[in-house]
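For reference, the structure discussed in these notes is given below.
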Amino acid sequence: MEKFNVFASKLIPEAELFSPGHKACQGCAPALALRYLLKAAGPNSMVANATGCMEIISSAYPDMAWGVPWIHVAFENAAAVAGGLESGIKVLQRKGKIDKGHINVIAIGGDGGTFDIGLQALSGMLERGQDVLYLCYDNEAYMNTGIQRSSGTPIFASTTTSPAGKSVPGQRTFKKDLAGIAAAHNVSYVATASVAYPFDFMEKVKKALATRGSKLIHIFAPCPTGWKSQPKDIIKLARLAVQTGIFPLYEYQGGVYNMSLDLPFLKPIKTYLKIQGRYRHLTDDMINIIQEDLNLRYDWLKGLAALSQQEAK
Amino acid sequence: MAKRKGIESSIALADSVAMCRVDAISAYPITPQTHIVEHLSEWVNDGELDAEFLPVESEHSAMSAACGMSAVGARTFTATSSQGLALMHEILFLTPSLRLPVVMAVANRALAGPISIWNDHSDIMAERDIGWVQIFAENGQECFDLTPLCFKVAEDKRVHLPMILNFDGFIVSHMIEPIEYWTQEQFDHYLPPFEPQIRLDTRAPSVMGAVGVPEIYYEAKMAQHNALLDSKAVVVEALESLEKEIGRKYNIVESYRADDADVVMVLLGSLVETCMTAVDNLREKGLKVGIVRPRLWRPFPKEEFIAALGNIPVLGICDRSFTFGAAHHPVASEIKSALYDSEKRPIICEYMIGIGGRDIRVQEFEQMFMQLLEVKTTGKALPIQYVGVRS
Ligand SMILES: Cc1ncc(C[n+]2csc(CCOP(=O)(O)OP(=O)(O)O)c2C)c(N)n1
Ligand code: SF4
Ligand SMILES: [Mg+2]
């Protein structure tokens, strides 16, 4: 974040390695995340993509959006496929069969492909310490199949498999802590990011790619279609998620947690919830539950950051 | 020149993989395949084999990682069995559709439940339709010899498809046999370095695994089907050059004393050797019995099989796995349908044998042959015979 002032937008490469003309909905934040990702990663990159919205909208033959080598195998295995790419590149370079020079291997999965069905493959790849950056774009549900809940869907959000009903008011469970799970693997680098903070995100991508070993970036990427929100509100939502503390931005490296933003206070969660159709049914009690949970988590994270920084000294 | 070693078939197979100068291996343990990948990881960790060994957390990831390895152009190997093969199922379809020439050794084993580590063919027969080239080795020597063949065929630019080497779990995998090793020069001469037709390369970005919209999906599948059918000729060619290299002759359809036979047995895998003893015993008594078997299972060598049968009037077909609820079990189903268009349709009797490691002895094959000879006289086929099952 210290580099924010020098990281003027002029310094960002103009080349679009994730080309416009893909089939994402208007206001799709995950597509924006991929665009930023490749601007930061550059052409010396290779992508393994999990099944999901981003795979579908970018690869309908013959209209490919990808300016870097890209492979899609299935839904739950992007981490394993990327692990294979990394191993393959390593041995072929060692044997002089392909040019030497670092290649960024990047795996991309949605929240469903990462938090749920792909968690095992992800854990395996992280545990093996493979030189791969895993990017999870989190739009908080299985959007590609019609907005079903995932374990990344927050409590009370209405989805097609956690509908706001008369006796169950939407999602029953709190969101799984993906970045925490990755950090528990003691990997080289973990960060959270939001599409509303593109410079921060791109800096994190660059930092991750400059670090050897396995890395994970969890980017918050609202989906207007699934959240029943206006495309024009998407960046605002991505910003409010950070400013309310429901999706704090931080980094984890070498056992130390660092908050990416120094927020003097947290905005009330209500401002964030009220512009999303998926929360239309919320009562004040429910909003309080969300507020209390996020306060606890936010304080815990800040405490973790302070403690780990102290320990590191 | 070539030297003979008394060695376990799995170890010989692993040595053969190493002598193929494999680049990358992804693996997950399962009995009775495990000795292969254990041995390869020893080679790698001792610095004897310059390859990447990726000990993944599941077979699903083993096949997924193998796709990644092969996609960048690495000569890629994995091995599995039974539940492991079943867990790979989803990804097995992707490997050929992405045209990735991964080679996989499958130590054939029963599928749960009830759980059984013993040999039959239920694992591979459940994967008949995955689009891989599939071949059967009947003993350790064949495991050793056919490994380089698999890489040669899979990586051939006319094929560019993955290939499975099947062999019976325990019966072959754990058997210590005298195996004639090729020299490294023979390997290098027989198997050229892998030159992928397509690979992921940052200097020339390409896309693998795009969405198949209705306008192209059918054509993509048709092309894949044709590529698999066309691989038959390449297998034949590779078997011929194998013979030139080491002097052993293998065929996509093998016959044993079948030329003048009144009845023949069809079976896959290592039980062929037991069956051969039965044939020899009966031949000594003047009974005209023999064996005809497809060694290549996918693509199914229909014409060659029909030609090998000639005018034989009675056929026994052995299955080693169930197709629950079907009219016929897998091998019988395949062969009966292949023979339907043939002008010379023999009488066919079906046998279920060797399920979940159930022993089958020479005498039982002899009894089956006697039955077939009787069928030849009566002219009437028998219902499916479940050999040795207790009620
Ligand atoms: C094994 C398997 N199960 C289910 C599916 C169906 N499926 C495809 S994409 C998808 C949801 C993807 O959700 P997520 O990972 O969150 O990505 P998003 O679509 O939201 O971008 C599902 C359930 C599948 N392709 N494969
Ligand atoms: S449904 Fe959501 S995530 Fe999917 S393309 Fe549309 S906006 Fe993007
Ligand atoms: Mg999602």
Side-chain angles (χ1 to χ4, degrees), chain A residues 17 23 42-49 51 55-95 97-99 101 103-105 107 120-125 127-128 130 132, chain B residues 21-26 28 44 50-76 78 88 90-91 93-95 97-98 100 102 193-196 198-213 215-217 220:
Chain A
L17 293 171
K23 295 176 172 58
N44 241 351
S45 307
M46 218 178 255
V47 170
N49 205 159
T51 312
E55 168 260 331
I56 296 287
I57 59 103
S58 68
S59 81
Y61 186 85
D63 304 321
M64 313 296 180
W66 297 89
V68 298
W70 178 92
I71 183 170
H72 162 249
V73 180
F75 184 23
E76 64 284 61
N77 65 354
V81 174
L85 296 176
E86 187 249 16
S87 284
I89 291 168
K90 195 155 53 167
V91 64
L92 294 177
Q93 287 189 337
R94 188 167 70 226
K95 290 182 167 183
K97 293 185 183 177
I98 57 172
D99 290 350
I103 294 171
N104 305 316
V105 178
Q120 173 183 317
L122 173 64
S123 172
M125 189 279 287
E127 175 272 327
R128 293 189 296 272
Q130 294 198 261
V132 172
Chain B
R21 301 189 189 276
V22 66
D23 293 315
I25 302 148
S26 62
Y28 193 82
V44 170
D50 189 5
E52 280 297 306
F53 184 91
L54 200 60
V56 287
E57 81 302 327
S58 72
E59 288 88 352
H60 194 283
S61 284
M63 190 43 62
S64 303
C67 287
M69 292 163 165
S70 187
V72 291
R75 176 168 286 166
T76 304
T78 185
M88 285 180 184
E90 181 199 23
I91 309 304
F93 287 86
L94 273 310
T95 326
S97 81
L98 296 170
L100 300 172
V102 173
F194 174 31
E195 281 176 15
I198 28 155
R199 67 148 50 120
L200 295 182
D201 182 351
T202 48
R203 291 164 315 174
S206 57
V207 156
M208 275 189 196
V211 177
V213 292
E215 292 72 30
I216 60 135
Y217 181 87

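Chain letters run A, B, ... following the sequence lines, proteins first and then strands; every chain starts at 1.
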At a heavy-atom separation under 4.5 Å, does [X] approach chain B through its side chain, its backbone, both, or neither?
X	value
Ile89(A)	both
Val73(A)	both
Ala48(A)	neither
Leu92(A)	side chain

Non-hydrogen atoms of chain A under 4.5 Å away: do they reach the side chain of [X], the backbone, both or neither?
X	value
Leu200(B)	both
Val213(B)	side chain
Ala66(B)	neither
Ser206(B)	backbone
Arg75(B)	neither

Smallest separation among heavy atoms of [X] and [Y], with atom names:
X	Y	result
Val22(B)	Lys95(A)	O-NZ, 3.4 Å
Ser45(A)	Thr202(B)	O-CG2, 3.5 Å
Arg128(A)	Pro55(B)	CD-O, 3.7 Å
Ala210(B)	Ser59(A)	CB-O, 3.2 Å
Ala74(B)	Gly88(A)	CB-CA, 4.2 Å
Ser87(A)	Met69(B)	CB-CE, 3.8 Å

Give the member of [options] that has the highest number of heavy-atom pairs under 4.5 Å with chain A.
options	answer
Leu98(B), Leu94(B), Thr95(B)	Leu94(B)
Thr76(B), Asp50(B), Val56(B), Asp201(B)	Asp50(B)
Ser58(B), Cys67(B), Ser64(B)	Ser64(B)
Ala204(B), Ala51(B), Ala24(B)	Ala51(B)

Problem - Partner chain B: residue of Glu76(A), Gln130(A), Met64(A) with the largest heavy-atom pair count (under 4.5 Å) - result: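 Of the candidates given, the most pairs with chain B belong to Glu76(A).
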Practice task
Look at Ile56(A), Leu85(A), Thr51(A), Asn49(A) and state which one has the largest set of heavy-atom pairs under 4.5 Å with chain B.
Solution key: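 Heavy-atom pair counts peak at Leu85(A).
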Handout entry: Val72(B) and Ile103(A): CA distance, side-chain angles, deciding distance, side-chain contact (heavy atoms from CB on, under 4.5 Å) verdict
Key = CA-CA 12 Å; Val72(B) 291; Ile103(A) 294 171; over 6 Å; no
Problem - Worked verdict on Val207(B) versus His72(A) for side-chain contact (heavy atoms from CB on, under 4.5 Å) - result: CA-CA 8 Å; Val207(B) 156; His72(A) 162 249; over 6 Å; no
Handout entry: Student check: side-chain heavy atoms of Glu90(B) and Asn77(A) closer than 4.5 Å
Key =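 The answer is no; the side chains never approach within 4.5 Å.
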Exercise for the section: Run the numbers on Glu57(B) and Ser123(A) for side-chain contact (heavy atoms from CB on, under 4.5 Å), then give the verdict. Expected result: CA-CA 9 Å; Glu57(B) 81 302 327; Ser123(A) 172; over 6 Å; no
Handout entry: Nearest-0.5 Å distance that lies between atom CG in Asp99(A) and atom CZ in Arg203(B)
Key =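 That separation rounds to 4.5 Å.
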Problem - Test log, rule side-chain contact (heavy atoms from CB on, under 4.5 Å), inputs Glu52(B) and Glu86(A) - result: CA-CA 10 Å; Glu52(B) 280 297 306; Glu86(A) 187 249 16; 5.7 Å; no
Handout entry: Option from Arg94(A), Lys90(A), Lys97(A) for which side chain to side chain donor-acceptor pair (under 3.5 Å) with Asp23(B) holds
Key =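 Answer to the side chain to side chain donor-acceptor pair (under 3.5 Å) test with Asp23(B) among Arg94(A), Lys90(A), Lys97(A): Lys97(A).
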